[in-house]
Amino acid sequence: MGLAKRIIPCLDVTAGRVVKGVNFVELKDAGDPVEIARRYDDQGADELTFLDITASSDDRGLILHIIESVAAQVFIPLTVGGGVRSVEDVRRLLNAGADKVSINTSAVQNPQLVADASGRYGAQCIVVAVDAKRVTRNGPLRWEVYTHGGRKATGLDAVEWGKKMQALGAGEILLTSMDRDGTRIGFDLELTSAFSSALDIPVIASGGVGNLDHLADGVTIGHADAVLAASIFHYGEYTVRQAKERMAQRGIEVRL
Amino acid sequence: MTIDIAVIDYGMGNLRSVSKAIEHVAPGRKVVVTGNPDDVAAADRVVFPGQGAMPDCMREMDARGLRSALLAAARDKPFLGICIGLQMLFEHSEEGDTPGLGLLPGVVRRFPAARMVNAQGEKLKVPHMGWNEVMQVMAHPLWQGIADGSRFYFVHSYYPEPADPGLVAGWSDYPFRFACAAARGNVFAVQFHPEKSHTAGLQLLSNFVAWQPVVHAVPNSGAATTS
């Protein structure tokens, strides 16, 4: 027995509400973030991730209030990402009650931000989010990094990018398959496995979960350290506890 | 000003989680997040958290003139170290080859890359991040109401190696056994984060707030006595 594999419900937040999209578009309302966070906490979630997907800066301040409310009631690790552009943004989120901050687009635009934030606050609170998409050209299987919520190709090789982020001080990678996000057909297990074997820091698999076996596959086949899902939990299809029970049945060590 | 519980702030990272969790288990008590040595001296109890790199933590602690106030508090007040706050109590850390406060005998080591493989031959990641089991190896008031083997939330790349086995209050495995809790007299220190460890963590914090340790006349006797 030892370290448990983590299940992390993800709450995409915009305008103060939790929403869920398909392939990063077509947003549907899923409820009040504080209420949802408490429900997942009661069900035994190991951590919670909030992604501020607000396109404009209009509602940016709302996420700070939400994090403050959640942090006063929920005593498990909270990760917040979306629109983090500076060390000052990291500081504000940590002060609001986030335990980790996830950096995505800004890490590509300014990799030094990852080094600076990690140097200032420690690698344990810096997550780099990588949105990866399969390169369909012939040749060996590889993935490209996308930014701006999946709208912009960068030309960067995803695995090489992950290694660079680790070297700069990322404490963890949140790895989302853009091909699978919202499809409910399971993680891109080859992508997950490629990252997990290339990196020494923990990898969170994300994108594509449609049933509980997908979560277990992420660990047993993808070798993920943690698995993240949104829609299967938001609409009451499955509870976090059911997910853990299934993973335990599949021989995975979980916190029950 | 009377302070029930001082949470030591030396500018390293986020203390909101720690103070919120303590406020949650200690309603009506005055909890102050402070970097002022006078507040540390005035407080009934001291919580010493920490995040980031140990060299920075030691430097920032000294820059605020907190060293002697902390050493004094660790002599005669209920004192809880968390994460780097535990590591700083030992004599030395491999992280940046940094001397610690030397309050507890022993050193702090990095998880060695060569040993980070489990019994199934799988690579183990560093930082050690997530919920791991804590084996209680000492009866202690701070473990009260917490089942042996309960999981707590960890996130760290370095671990303590106490020179005196009598200091070890808890073990964890990753993939080898390491001390994740140390205790001596009025000092209790944990590598994990009770403030992020759900009901088990809140119980530990609640136990700390209620703890009435017997204070040693000779603080560095090395005795593992607890009240």
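Proteins come first, then strands; the chains are lettered A, B, ... in the order of their sequence lines, and each starts at number 1.
When every heavy atom of Arg151(B) is checked against every heavy atom of Leu3(A), the shortest pair comes out as NH1-C, 4.1 Å. Residue Trp131(B) comes nearest to Ile76(A) through the heavy atom pair CZ2-CG2, 3.9 Å, listed as atom of the first residue, atom of the second, then distance.
For His128(B), the part lying near chain A is the side chain, with the backbone staying farther off; criterion is any non-hydrogen pair under 4.5 Å. Both the backbone and the side chain of Asp46(A) come within contact range of chain B, each with at least one heavy atom under 4.5 Å from a heavy atom of that chain. Using a 4.5 Å cut-off between heavy atoms, Ala21(B) touches chain A through backbone and side chain atoms alike. Val90(A) does not touch chain B: none of its heavy atoms, backbone or side chain, sits under 4.5 Å away.
The CG atom of Leu94(A) sits 8.5 Å away from the OG atom of Ser17(B) when rounded to the nearest 0.5 Å. Rounded to the nearest 0.5 angstrom, Arg255(A) CZ and Tyr153(B) OH are separated by 11.0 Å.
No donor-acceptor contact under 3.5 angstrom links the side chains of Lys123(B) and Ser197(A), judged on distance only.
Residues Glu68(A) and Arg16(B) meet the side-chain proximity criterion, which asks for heavy atoms closer than 4.5 Å. Between Arg120(A) and Asp56(B), every side-chain heavy-atom pair lies at or beyond the 4.5 Å cut-off. The shortest distance between side-chain heavy atoms of Gln124(A) and Ser157(B) does not fall below 4.5 Å.
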side-chain contact (heavy atoms from CB on, under 4.5 Å) between Leu78(A) and Lys196(B): does it pass, once the steps are laid out? CA-CA 9 Å; Leu78(A) 308 176; Lys196(B) 287 284 132 186; 4.3 Å; yes
Derivation of the side-chain contact (heavy atoms from CB on, under 4.5 Å) call for Ile201(A) and Met129(B): CA-CA 9 Å; Ile201(A) 55 177; Met129(B) 186 184 287; over 6 Å; no
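Residues meeting the salt bridge (Lys or Arg N to Asp or Glu O under 4.0 Å) test with Arg67(B), sequence neighbours left out: Asp62(B). In this structure Arg177(B) satisfies the salt bridge (Lys or Arg N to Asp or Glu O under 4.0 Å) test with no other residue, sequence neighbours excluded.
For the options Leu124(B), Thr199(B), Val126(B), heavy-atom pairs under 4.5 Å to chain A are most numerous at Val126(B). For the set Gly171(A), Cys125(A), Pro202(A), Gly122(A), the count of heavy-atom pairs under 4.5 angstrom toward chain B peaks at Pro202(A). When each of His223(A), Gln73(A), Arg6(A), Glu47(A) is checked for heavy-atom pairs under 4.5 Å with chain B, Arg6(A) comes out on top.
Within 6.0 Å of atom CZ in Arg38(A), 12 or fewer heavy atoms from other residues, nucleotides or ligands are found, so the atom counts as exposed in its surroundings.
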